[in-house]
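Numbered from 1 within each chain, the chains take letters A, B, ... in sequence-line order. Remember, it's a predicted structure, so these values are computed and weren't measured experimentally.
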Protein chains: 2
Amino acid sequence: MADGRAADAGVADVGVAVGSAADVGVAVGSVADGTVPDRLTPRAREIATAARTLLEESGPAALTLRALADRLGIKAPSLYKHFPDKHAVEVELIAQMLEESAAALEAAEARAPGSVEALAEAYRTYAIDHPHLYCLATERPLPRAALPAGLEDRAAMPLMRVCGGDIDLARSVWAFAHGMVILEIHGRFPNDADLAAAWKRGLKAFHP
Amino acid sequence: MADGRAADAGVADVGVAVGSAADVGVAVGSVADGTVPDRLTPRAREIATAARTLLEESGPAALTLRALADRLGIKAPSLYKHFPDKHAVEVELIAQMLEESAAALEAAEARAPGSVEALAEAYRTYAIDHPHLYCLATERPLPRAALPAGLEDRAAMPLMRVCGGDIDLARSVWAFAHGMVILEIHGRFPNDADLAAAWKRGLKAFHP
DNA sequence: GGCATGAGGCTAACGATGTTAGCCACTCAC
DNA sequence: GTGAGTGGCTAACATCGTTAGCCTCATGCC
C-alpha cells in the first residue's frame, strides 16, 4: 500500500490552501491596479504556458525540463530561477485545469440551470479536449496545499448544486463521469463503442 | 491530443491477442504434464513476483530495474535475458491483475448470482487491496496484443451477465466503479467521506 | 558617478534511470 | 569432448531531474 493514498477535502469540503506565497517564482502581484492577484511572475507564466503546450501537444513524456527550456530558448537549470522544481510547474498546470473546468461547469450551469446532462456534457468535452492535462490533474493526489484557496470547492459546487446537496449522489455522479472520461482517454472502450449511449444510460440512472 | 488514446476491444469485445510466443522470456510451457501453459519461464516468473512485491510494497517509483535486480541478487542488465524491456515486466503484472480481478468477480458471482452489489464489493475490495497494481493496470492503454487471449473479456463477463447483456448499462456501471475506486486510491475524496454511502447511492441508481 | 543588489541567464557536473554491447562460466545433449 | 544454449557479469551510453557556482545586466541608492 504505502503511498497512493492521500488525505483531506474533496467535493463540498472547504479547501484549506495554506501554501506560502514566499516560495520561488510565486508573486502575489500588485493589487493596486485592480488586477486579480496572480499566482505567478510574468516569466513564470510564460514558462507555464510553454509547459502546457508541450504537455497537450506531445504528452507527459515530452514534458521534460530540457525540452521546456529549449522551447523558451534557455537552458534547463535556468528554469529553477522561476520554479522550485518540475513538480511546481505541474501544479500550476493542475491549477489551470481546475480553474478552466470549473469555469466550463459554471457556464453550463448558467446555460441550463439544474441540468445534470449539460454539466456532464461540459465535463466530458473539457476532458476530451485536454486529455493529457486532465490526466495530469487527475491521476495523482491533489496538491491541495499548493493550490489557490477554494479552487477545489469551486470546481465541485456546480455538481453539488444540481444534486440538490445530496453529497452521496454528487460523489457517485462524479465517479461515473470521471470513470467514463478516463476510460475513454485511455482507450479502454472498444473503438466502435457507443459512448454517448453509455453516458445517456448512466445519467438516466442517476436521474431523480 | 496526440497519444493518450488507444484502440480496440473492451467490455464484451473478443480479445484478439496475437502476441508471438517466440519473444524473449516467453515460454509456452510443456503441456505434456497436464499443466496449464505458462506465459513465462520459471526464472521470469520469479522476476515478475519480485517486481510485484516491489510495486505493491513501495509504489511505481520504486519499481526500478536496478532495485528489481537487487532484490533478486543479480545485476540490472541480466534482467534482459528474461524480459525484452521493463514494459514487458509491467505487462506481466497487468495480466496478473486482470486474472485475479476476473477470478474475484467470478467468485462473487458464484456466491451471489445476479447481484451487482456483490460484484461491486468484490471489485472495490480487490482494487483497494492492490492500489498500485490496480493503477498500473488501469491508467494506461491496455497492451492488448501482449495479453493472454480472452483475458480482457473474461474480466468483463461477470458484469455483462449481471447487466443482462445491456452493454450501455454495463459500461456505465464499470465507469462508476472504476471512478469510485480510482478517486479513492488517489485520495480525491475527503478523509471523512462516507464512501460506502456513495457506493450504495450509485448502485441504487443503476438498479433495475 | 559609483556601486550594491537582485533577477535571470549560463556551464559543469552529479546521481538515477532504462538500455546496449560484449564477455564469461556453467550445463548438457550429442 | 565439444558446441550450444542459458544466465550471469562489467562498462558504457543517453536522458532525466537537480545542484553548485559563475557571469551579466538593469535598477535604485548614496
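- Partners of A/Ala177 under the side chain to side chain contact (heavy atoms under 4.5 Å, CB included) rule, at least two apart in sequence or in another chain, are A/Tyr123, A/Trp199.
- One can place NZ of B/Lys86 at 12 Å from C1' of C/dA16, the figure rounded to the nearest angstrom.
- Using a cutoff of 4.0 Å between basic side-chain nitrogens and carboxylate oxygens, A/Arg124 and A/Glu184 are scored as salt-bridged.
- The residue A/Leu63 sits close only to the backbone: its heavy atoms come under 4.0 Å of sugar-phosphate atoms, none of a base.
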With sugar-phosphate taken as primed atoms, P, OP1 and OP2 and all else as base, the protein-contact string of nucleotides 4-14 of chain D at under 4.0 Å (heavy atoms; B, S, -) is ---BBBBBB--
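- Note on A/Arg201 versus B/Asp166: salt bridge recorded, some NZ/NE/NH1/NH2 to OD/OE distance being below 4.0 Å.
- Side-chain atoms of B/His186 and A/Glu139 include no donor-acceptor pair closer than 3.5 Å.
- Counting to the nearest Å, the P atom of C/dA21 and the OH atom of B/Tyr80 are 12 Å from each other.
- In this structure, A/Asp70 places its CG atom 12 Å from P of D/dT15, rounding to the nearest Å.
- The side chain to side chain contact (heavy atoms under 4.5 Å, CB included) with A/Leu68 is formed by just one residue from the set A/Leu54, A/Ile74, A/Thr53; it is A/Leu54.
- The CG-C1' distance, from A/Leu65 to C/dG15, rounds to 16 Å in whole Å.
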Would you please test A/Ile47 and A/Phe83 for side-chain contact (heavy atoms from CB on, under 4.5 Å) and show each step? CA-CA 9 Å; A/Ile47 293 174; A/Phe83 289 91; 3.8 Å; yes
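- Remark: P of C/dA7 and CZ of A/Phe83 are 16 Å apart, rounded to the nearest angstrom.
- Remark: P of C/dG8 and CD1 of A/Ile47 are 9 Å apart, rounded to the nearest angstrom.
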